[in-house]
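This report refers to the structure that appears directly beneath it.
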Amino acid sequence: MKTIILKAKEIGEIKAKLLTDTAPDTCAKFWEALPLEVNLSTWGDELYGTIPVAIDAENPREEFEVGDIAYWLQGSGFCILYGRTPASTSAKPRLISPGNHFARIEGDVSVFKGLKGLALTIERGEESG
């Protein structure tokens with residue numbers, strides 16, 4: 001199992017599990033690009049920002065679960081989904097266009113509520129199995 005660590009003064013350190021079974025290519029390319037620093041903006045209950053990683057579609061979708069992390073295909077985006085977005089048609093987060101689901105936050109996503117942006121560092125965490 002591979003994990004990533006999301007770090008920022010506003011949230012401390014948050015761990016997320018890479019979903020290597022669901023999106024092996026996305027996870028591999030993302031892992032190789034680490035560490036990354038990304039400035040995230042807010043769109044509803046989503047934080048998103050462009051990362052310098054080109055990844056192809058891999059089981060893309062628009063609707064996700066709270067706590068999911070997606071790679072947005074249209075804009076090379078890193079997206080943390082912690083609630084409804086303006087595109088949501090239910091209580092679930094929804095991207096404006098398809099993205100690859102490649103990670104899941106372990107722990108409480110409420111730390112992201114109320115943020116109007118975030119300067120985030122993403123580092124490699126554990127690598128086992």
Side-chain angles (χ1 to χ4, degrees):
M1 176 179 80
K2 289 183 178 179
T3 61
I4 55 174
I5 307 296
L6 312 177
K7 293 182 178 181
K9 65 178 176 124
E10 296 88 346
I11 63 165
E13 291 189 9
I14 303 287
K15 186 165 38 170
K17 176 185 174 186
L18 290 183
L19 304 175
T20 53
D21 291 341
T22 304
D25 294 340
T26 303
C27 290
K29 286 182 180 178
F30 186 78
W31 183 262
E32 288 307 311
L34 296 176
L36 290 170
E37 299 211 3
V38 58
N39 289 314
L40 301 175
S41 299
T42 313
W43 188 59
D45 284 346
E46 173 188 340
L47 285 162
Y48 70 94
T50 302
I51 57 173
V53 184
I55 300 173
D56 293 327
E58 186 174 33
N59 304 313
R61 62 187 204 209
E62 291 179 9
E63 193 168 83
F64 293 84
E65 299 293 330
V66 170
D68 285 346
I69 297 176
Y71 175 82
W72 184 49
L73 296 164
Q74 196 170 21
S76 298
F78 176 84
C79 307
I80 299 171
L81 301 153
Y82 56 94
R84 287 180 53 88
T85 68
S88 293
T89 56
S90 68
K92 294 182 177 187
R94 186 177 186 89
L95 296 178
I96 194 72
S97 61
N100 298 343
H101 179 209
F102 76 96
R104 176 107 183 121
I105 291 174
E106 297 181 337
D108 185 8
V109 298
S110 69
V111 297
F112 299 109
K113 292 276 188 186
L115 295 175
K116 298 298 180 203
L118 190 65
L120 186 71
T121 300
I122 309 165
E123 299 177 352
R124 291 180 183 186
E126 300 169 17
E127 182 177 10
S128 61

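What you see is a predicted model, and the numbers here were worked out from it, not measured in a lab.
A donor-acceptor pair under 3.5 Å is formed between the side chain of N59 and the backbone N or O of T22. Under a 3.5 Å cut-off, the side chain of N39 and the backbone N or O of G49 do not form any donor-acceptor pair. Under a 3.5 Å cut-off, the side chain of T85 and the backbone N or O of L95 do not form any donor-acceptor pair.
Note that CD1 of I51 and OH of Y71 are 6.0 Å apart. Values are rounded to the nearest 0.5 Å. Atoms CG and NZ, on L118 and K9 in that order, are 9.5 Å from each other to the nearest 0.5 Å. We find the CZ-CG distance between F78 and L47 to be 9.5 Å, quoted to the nearest 0.5 Å.
A donor-acceptor pair shorter than 3.5 Å cannot be found between the side chains of Y48 and T42. Side chains of S97 and Q74: a donor on one and an acceptor on the other come within 3.5 Å.
In this structure, the side chains of I80 and L6 come closer than 4.5 Å at one or more pairs of heavy atoms. Between L19 and D68, the closest side-chain pair of non-hydrogen atoms is not below 4.5 Å. For the pair P86 and E46, the minimum side-chain heavy-atom distance is 4.5 Å or more.
In summary, the aromatic rings of F30 and F102 are positioned with their centroids under 6.0 Å apart.
Comment: K15 engages E126 in a salt bridge, judged by a side-chain N to carboxylate O separation of less than 4.0 angstrom.
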